[in-house]
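Per chain, numbering begins at 1; letters A, B, ... match sequence-line order. All values reported here derive from a predicted model rather than from experimental measurement.
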There are 2 protein chains.
Amino acid sequence: MTARDAQPPRIPDPDSPWRPVRERARSRELKRDAVILAAARAFKERGYHNTSLDDLAARLHVTKPTIYHYVENKEQILFECFRTGLDRIRAGFAAVERSAAPGRERLAVVVRSYAEAVASDFGWCMVRAENQDLSPAMSRRIKALKSEIDQGLRQLVTDGILDGSIRADCDPKMTAFALAGALNWIAHWHRPGESLTAAGIADLFLDLFENGLRPRS
Amino acid sequence: MTARDAQPPRIPDPDSPWRPVRERARSRELKRDAVILAAARAFKERGYHNTSLDDLAARLHVTKPTIYHYVENKEQILFECFRTGLDRIRAGFAAVERSAAPGRERLAVVVRSYAEAVASDFGWCMVRAENQDLSPAMSRRIKALKSEIDQGLRQLVTDGILDGSIRADCDPKMTAFALAGALNWIAHWHRPGESLTAAGIADLFLDLFENGLRPRS
DNA sequence: CATGCATTTTACTCGTTGGTATATCGTATA
DNA sequence: TATACGATATACCAACGAGTAAAATGCATG
């Protein structure tokens with residue numbers, strides 16, 4: 001706890017709807033969303049506990065009480081970051097809900113949108129943030145969402161086994177864990193701009209998971 | 001920051017070498033290691049920032065200054081947790097260093113020890129702890145260790161491709177990321193005692209990664 | 001121009017926690 | 001038994017950061 005907290009030079013966020021001087025837009029929703037987004041980025045860079053609300057406010061050209069005008073407390077900000085990210089993944093499941101395609105193909109669609117979500121600004125919160133930093137009530141809601149996603153993956157694997165598109169002796173639970181792990185881990189190493197896009201990563205992962213390492217004779 | 005910090009009822013740690021009353025053992029090393037281990041467990045349960053040194057001391061039937069008698073500061077405790085876990089993974093690589101086995105088989109050995117390490121008490125620190133909580137110097141050392149592990153995985157994949165034990169059109173970098181992700185993620189969901197052992201998980205993962213989801217005709 | 005509401009700021013409180021100065025205790029050795 | 005030193009405890013400090021009260025500002029409408 002010495003000089004390290006002063007590292008990042010508190011770069012102003014160009015996406016802030018509060019322009020440094022005048023010209024301020026309205027629309028509560030927009031500003032609230034901007035708070036959440038800026039928070040997600042700040043958390044990603046410095047971590048939840050190393051980001052004070054004063055830091056966050058400064059990035060938005062604003063002071064702390066302004067943030068409290070749009071948000072209950074710091075915990076709620078984290079919760080919204082969680083939720084935003086997780087909802088994107090859930091949207092991927094919804095997209096194949098009524099599809100009649102084989103399980104493995106529906107899984108592929110989900111994996112692609114999953115990768116997009118994890119590589120987004122909210123990826124960090126979804127994956128790295130501790131739900132221990134949330135109150136029991138909030139934590140439960142997040143756990144429910146995460147569990148829903150997990151169950152969704154397992155179901156797709158099971159469907160694939162049943163319709164013959166996935167090898168019968170795959171364990172749905174472990175397969176879902178392996179997939180989720182590989183995908184979630186993207187949040188740790190992916191830097192937007194550098195290397196591959198989320199879609200590119202997803203395609204390579206899919207090839208690996210579908211065909212395996214062993215050369216096909 | 002309300003009542004949630006009071007949740008876990010501060011269970012005394014039976015492995016503490018300080019017995020509640022008298023009968024205290026010597027051996028600085030042993031006690032220092034006990035501090036690190038208790039810290040790893042506490043961090044895993046409550047997170048780094050939600051674990052105060054007073055909490056940690058209480059678990060060990062001791063007061064805060066005693067901890068400072070064995071350790072520089074809180075950051076160093078986290079660093080040691082990191083290092084202990086990462087060293088176990090590196091030991092797995094060392095075990096196959098001189099092996100003449102094909103790449104895919106050496107990779108399998110590493111994966112098994114990797115899974116053991118991640119499922120251990122130090123798994124949380126390795127995977128979930130933010131290196132942003134470390135000073136730049138410490139952070140650099142951790143990053144170097146992590147990078148070494150990453151390069152090791154890539155090398156094994158490359159070796160496997162060269163010796164024909166791994167499919168030639170695998171991307172070593174992405175394959176390493178997928179493997180590391182699946183393995184690291186174990187730290188998020190695995191609860192020792194429940195479900196599979198680390199070895200069992202590793203075997204299922206290996207089967208999945210080696211043979212893939214697609215039914216082999 | 002006056003009124004009222006939403007927005008933002010200034011200036012604070014207060015609990016938590018990492019870290020420390022200093023005293024005390026226990027025990028091995030001379 | 002006296003001494004010395006390592007180990008542990010008591011009692012503290014200072015900083016930081018979440019959260020708030022209350023004042024000020026902007027802005028739209030009558």
Side-chain angles (χ1 to χ4, degrees), chain A residues 1-7 10 16-32 34-35 39 42-43 46-79 132-135 138, chain B residues 1-7 10 16-35 38-39 42-43 46-79 132-135 138:
Chain A
M1 311 301 101
T2 55
R4 83 170 124 288
D5 303 320
Q7 301 164 14
R10 211 155 299 186
S16 167
W18 294 277
R19 298 288 79 204
V21 213
R22 284 265 185 293
E23 95 190 75
R24 300 190 153 127
R26 291 89 300 160
S27 169
R28 258 188 102 74
E29 288 301 317
L30 233 71
K31 288 186 181 172
R32 193 187 134 100
V35 169
F43 294 164
R46 317 192 32 168
Y48 178 68
H49 289 281
N50 295 326
T51 302
S52 76
L53 290 184
D54 282 316
D55 289 342
L56 179 57
R59 287 186 178 226
L60 293 164
H61 317 298
V62 159
T63 57
K64 189 165 52 177
T66 299
I67 289 182
Y68 278 92
H69 196 255
Y70 294 95
V71 143
E72 289 280 330
N73 49 33
K74 194 181 180 185
E75 180 195 359
Q76 200 186 53
I77 298 178
L78 182 59
F79 176 80
Q132 295 148 342
D133 294 327
L134 264 42
S135 66
M138 293 289 194
Chain B
M1 308 302 100
T2 54
R4 81 169 125 288
D5 303 320
Q7 300 164 14
R10 211 155 297 188
S16 167
W18 294 277
R19 296 289 77 203
V21 212
R22 284 266 183 292
E23 96 191 70
R24 298 186 155 130
R26 289 103 286 165
S27 171
R28 257 187 102 75
E29 288 301 317
L30 232 71
K31 289 187 180 171
R32 193 188 135 99
D33 288 349
V35 169
F43 294 163
R46 319 194 29 170
Y48 178 68
H49 288 281
N50 295 327
T51 302
S52 75
L53 290 185
D54 283 316
D55 289 342
L56 179 57
R59 287 186 177 228
L60 293 165
H61 318 298
V62 157
T63 57
K64 190 165 51 177
T66 298
I67 290 183
Y68 277 92
H69 197 255
Y70 294 96
V71 142
E72 289 280 330
N73 49 33
K74 193 181 181 186
E75 180 195 358
Q76 201 186 53
I77 298 178
L78 181 61
F79 176 79
Q132 296 147 342
D133 293 328
L134 264 43
S135 66
M138 294 289 195

List in chain and number order the residues that pass salt bridge (charged side-chain N to carboxylate O under 4.0 Å, His left out) with B:K74, two or more places apart in sequence or in another chain; answer none if no residue qualifies. none
Has the side chain of A:Q132 got a donor or acceptor atom that lies under 3.5 Å from a matching backbone atom of B:N50? no
Can you tell me how far C1' of C:dT9 sits from CG of A:L53, to the nearest Å? 16 Å
Establish, with yes or no, whether the OP1 or OP2 oxygen of D:dA7 is under 4.0 angstrom from a side-chain nitrogen or oxygen of B:Y68. no
A:K64 (side chain) and D:dG17 (base): donor-acceptor pair under 3.5 Å: no
Whole-Å distance between D:dA7 P and B:L60 CG? 16 Å
Ignoring backbone atoms, test whether A:T63 places a side-chain nitrogen or oxygen under 4.0 Å from the OP1 or OP2 oxygen of C:dT9. yes
Calculate the interatomic distance between A:H61 atom NE2 and C:dT7 atom P; express it in whole Å. 19 Å
Under the side-chain contact (heavy atoms from CB on, under 4.5 Å) test against A:K64, which residue among A:D54, A:L56, A:D55 passes? A:D54
Contact between B:I77 and B:I67 at the side-chain level, heavy atoms closer than 4.5 Å - yes or no? yes
Base, sugar-phosphate alone, or nothing: which one does A:S52 contact when heavy atoms must sit under 4.0 Å apart? sugar-phosphate
Can you tell me if the side-chain N/O atoms of B:H69 get under 4.0 Å from OP1 or OP2 in D:dA7? yes
Identify, with sequence neighbours excluded, every residue that meets ring pair (Phe, Tyr, Trp, His ring centres under 6.0 Å) alongside B:F79. none
Test item: side-chain donor near acceptor, B:D133 and A:H49, under 3.5 Å: no
Taken to the nearest whole Å, CZ/A:R28 to C1'/C:dT8 is 12 Å
Indicate yes or no: at least one non-hydrogen side-chain atom of A:V35 is less than 4.5 angstrom from one of A:V62. no
Between A:D133 (CG) and D:dA18 (P), how many Å, whole number? 12 Å
Mind calculating the distance between OH (B:Y70) and P (C:dG19) to the nearest angstrom? 19 Å
Just how far, in rounded Å, is C1' of C:dG18 from CD of B:E75? 12 Å
Looking at the side chain of B:N73, which of D:dG19, C:dG19, D:dT10 is the nearest nucleotide? C:dG19
Nearest-Å distance for atom pair CG/P, residues A:D54 and D:dC16: 11 Å
Dot-bracket for DNA chain C, please, read 5' to 3', with Watson-Crick or G-U wobble pairs under 3.5 Å on both distances, ( ) within the strand, [ ] crossing, | other strand, . unpaired. ||||||||||||||||||||||||||||||
